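These notes are about the structure you will find just below.
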Number of protein chains: 2
Amino acid sequence: MSVQDIIVKLKEHGYKITPQRQEIVNVMAQENRHMTVDDIHGKISARFPNLSVDTVYRNVGVLEQLNMLDRTDFGDGIGRYKLVEDGGHRHHLICLKCGCSEEVDFCPLDYIDQQQIRDKNFAIARHNFEIFGYCARCSKKEE
Amino acid sequence: MSVQDIIVKLKEHGYKITPQRQEIVNVMAQENRHMTVDDIHGKISARFPNLSVDTVYRNVGVLEQLNMLDRTDFGDGIGRYKLVEDGGHRHHLICLKCGCSEEVDFCPLDYIDQQQIRDKNFAIARHNFEIFGYCARCSKKEE
DNA sequence: CTCCTAAACAGGAATTATTCTTAATAAACT
DNA sequence: AGTTTATTAAGAATAATTCCTGTTTAGGAG
């Protein structure tokens with residue numbers, strides 16, 4: 001999803017485009033990896049010294065609600081955010097060391113037996129699927 | 001995994017069996033659902049008024065390390081724990097309302113194209129796969 | 001262009017899950 | 001029974017996230 005598309009979608013939903021919001025989207029599009037709120041805030045506050053963390057939280061919240069951003073937990077309870085890719089829903093290989101992520105062209109819901117879920121009368125709302133490990137660069141360093 | 005098996009495995013790894021540890025395992029086996037530390041602590045402190053939350057954290061930590069317990073995040077950054085089922089690794093349908101969970105007989109790693117991951121030189125350490133939604137009972141209540 | 005209003009903001013306080021510290025306790029082995 | 005070492009309780013410390021309040025501003029209307 002391009003920065004432009006995101007801005008358009010925000011406007012469509014009645015959100016104002018502030019410099020802070022714009023910059024948060026810019027940085028996330030540029031970095032294109034799972035970032036903590038602190039990561040995002042750090043990147044931006046170099047240039048905008050008084051961006052509040054609350055603003056970052058508020059904005060990732062908005063982006064998440066509009067399905068333009070995924071929240072992931074590496075297992076430590078800290079939220080990590082990444083803009084969704086073009087074409088919607090994707091899953092990722094996530095490096096536990098550097099936090100980089102690569103798309104993987106696979107969604108388990110396409111393979112699971114949907115019937116067994118319907119049989120249980122379970123109404124699916126959403127799902128998580130993340131594969132954690134070490135990317136090529138970081139595995140090298142470990143050796 | 002039965003309570004007995006868990007106790008044996010703890011002993012094998014040199015952990016002592018204290019009443020607190022025993023009781024935490026009992027409650028989790030009995031409830032058999034994703035519980036927060038607060039849930040667990042609440043259940044037990046009725047009978048053991050001075051169980052500290054730290055003890056609960058410490059013990060779920062131990063159980064997690066020995067792969068006898070899964071930590072899951074419903075999306076709010078709060079850890080939820082559940083003993084793993086007999087036969088090892090499983091995935092779950094998790095009710096966002098009541099926290100109950102049902103096993104689903106499917107692991108995405110059995111279906112994903114492993115070659116594409118090897119090609120990226122990515123070393124898999126672990127993975128998450130959870131399906132969130134509303135169980136039969138809770139969907140009824142929503143209507 | 002100027003005015004108006006709702007949304008967004010900064011700053012800091014409050015909240016809350018989790019971890020840490022320390023001294024006391026107790027499991028398990030000899 | 002005595003010793004060792006892990007474990008515990010209690011509360012303080014830490015840190016992510018949310019809340020509060022007063023101020024600013026984006027974007028539409030006149």
Side-chain angles (χ1 to χ4, degrees), chain A residues 6-27 34-66 69-82 99, chain B residues 6-27 34-66 69-82 99:
Chain A
I6 293 170
I7 299 301
V8 168
K9 194 165 172 184
L10 283 168
K11 280 185 182 166
E12 280 173 6
H13 284 80
Y15 291 100
K16 296 178 177 175
I17 309 305
T18 65
Q20 294 93 332
R21 180 163 286 162
Q22 173 85 54
E23 193 58 17
I24 289 168
V25 173
N26 283 347
V27 165
H34 285 89
M35 303 177 82
T36 63
V37 163
D38 208 53
D39 288 338
I40 300 167
H41 184 261
K43 279 278 168 195
I44 298 177
S45 62
R47 274 169 294 174
F48 293 69
N50 38 2
L51 176 78
S52 76
V53 286
D54 187 49
T55 296
V56 180
Y57 277 105
R58 200 161 359 86
N59 278 291
V60 294
V62 167
L63 293 167
E64 191 181 12
Q65 287 245 319
L66 298 180
L69 174 138
D70 268 336
R71 180 189 192 284
T72 300
D73 177 353
F74 281 24
D76 53 9
I78 300 174
R80 317 224 173 205
Y81 304 88
K82 180 172 187 289
Chain B
I6 294 172
I7 299 301
V8 168
K9 195 165 172 184
L10 282 168
K11 280 184 182 164
E12 279 173 6
H13 284 81
Y15 292 100
K16 296 177 177 174
I17 308 306
T18 65
Q20 294 92 330
R21 180 163 285 162
Q22 173 84 55
E23 192 58 17
I24 289 168
V25 174
N26 283 347
V27 165
H34 285 89
M35 303 176 82
T36 63
V37 164
D38 209 52
D39 288 338
I40 300 166
H41 183 261
K43 278 278 168 197
I44 299 177
S45 62
R47 275 169 294 174
F48 293 68
N50 39 1
L51 175 78
S52 76
V53 286
D54 187 51
T55 296
V56 181
Y57 277 106
R58 200 161 3 83
N59 278 292
V60 293
V62 167
L63 293 168
E64 190 181 12
Q65 287 243 320
L66 298 181
L69 173 138
D70 268 337
R71 180 190 192 279
T72 300
D73 177 354
F74 281 23
D76 53 9
I78 300 174
R80 317 223 174 204
Y81 305 87
K82 180 172 187 289

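Since the model is a prediction, treat every value here as computed from it, not as a measurement. Proteins get letters first, then strands, A, B, ... in listed order; numbering begins at 1 in each.
- Nucleotides of DNA chain C with any atom under 4.0 Å from a heavy atom of chain B span, from 5' to 3', C:dA17 to C:dA28.
- Residue A:Arg80 is out of contact with every strand shown, counting any heavy-atom pair closer than 4.0 Å.
- Here A:Gly79 lies in heavy-atom contact (under 4.0 Å) with sugar-phosphate atoms only.
- Nucleic acid contact class of A:Arg21 (heavy atoms, under 4.0 Å, all strands): sugar-phosphate only.
- At the heavy-atom level, B:Asn59 lies under 4.0 Å from the strands shown only through sugar-phosphate atoms.
- Dashed line: the shortest gap from a side-chain N or O of B:Gln20 to OP1 or OP2 of D:dA9 is under 4.0 Å.
- Within the 4.5 Å cutoff, the side chain of A:Lys82 has no heavy atoms near those of the A:Thr72 side chain.
- At D:dA10, one or more side-chain N or O atoms of B:Asn50 fall inside 4.0 Å of OP1 or OP2 (strictly under the cut-off).
- With B:Asn59 as reference, B:Arg21 is the one residue of B:Arg21, B:Gln20, B:Gln22, B:Glu23 to meet the side chain to side chain donor-acceptor pair (under 3.5 Å) rule.
- Contacts of A:Asp54 with the nucleic acid, taken as non-hydrogen atoms under 4.0 Å apart, include base atoms.
- A distance-only check finds no donor-acceptor pair linking the side chain of B:Lys43 to the backbone of B:Val27 [under 3.5 Å].
- Side-chain proximity of A:Arg71 to the nucleotides D:dT5, D:dT17, D:dA26 is greatest for D:dT17.
- Contact annotation for A:Pro19: backbone-only contact, meaning every heavy-atom pair under 4.0 Å involves sugar-phosphate atoms and none involves a base.
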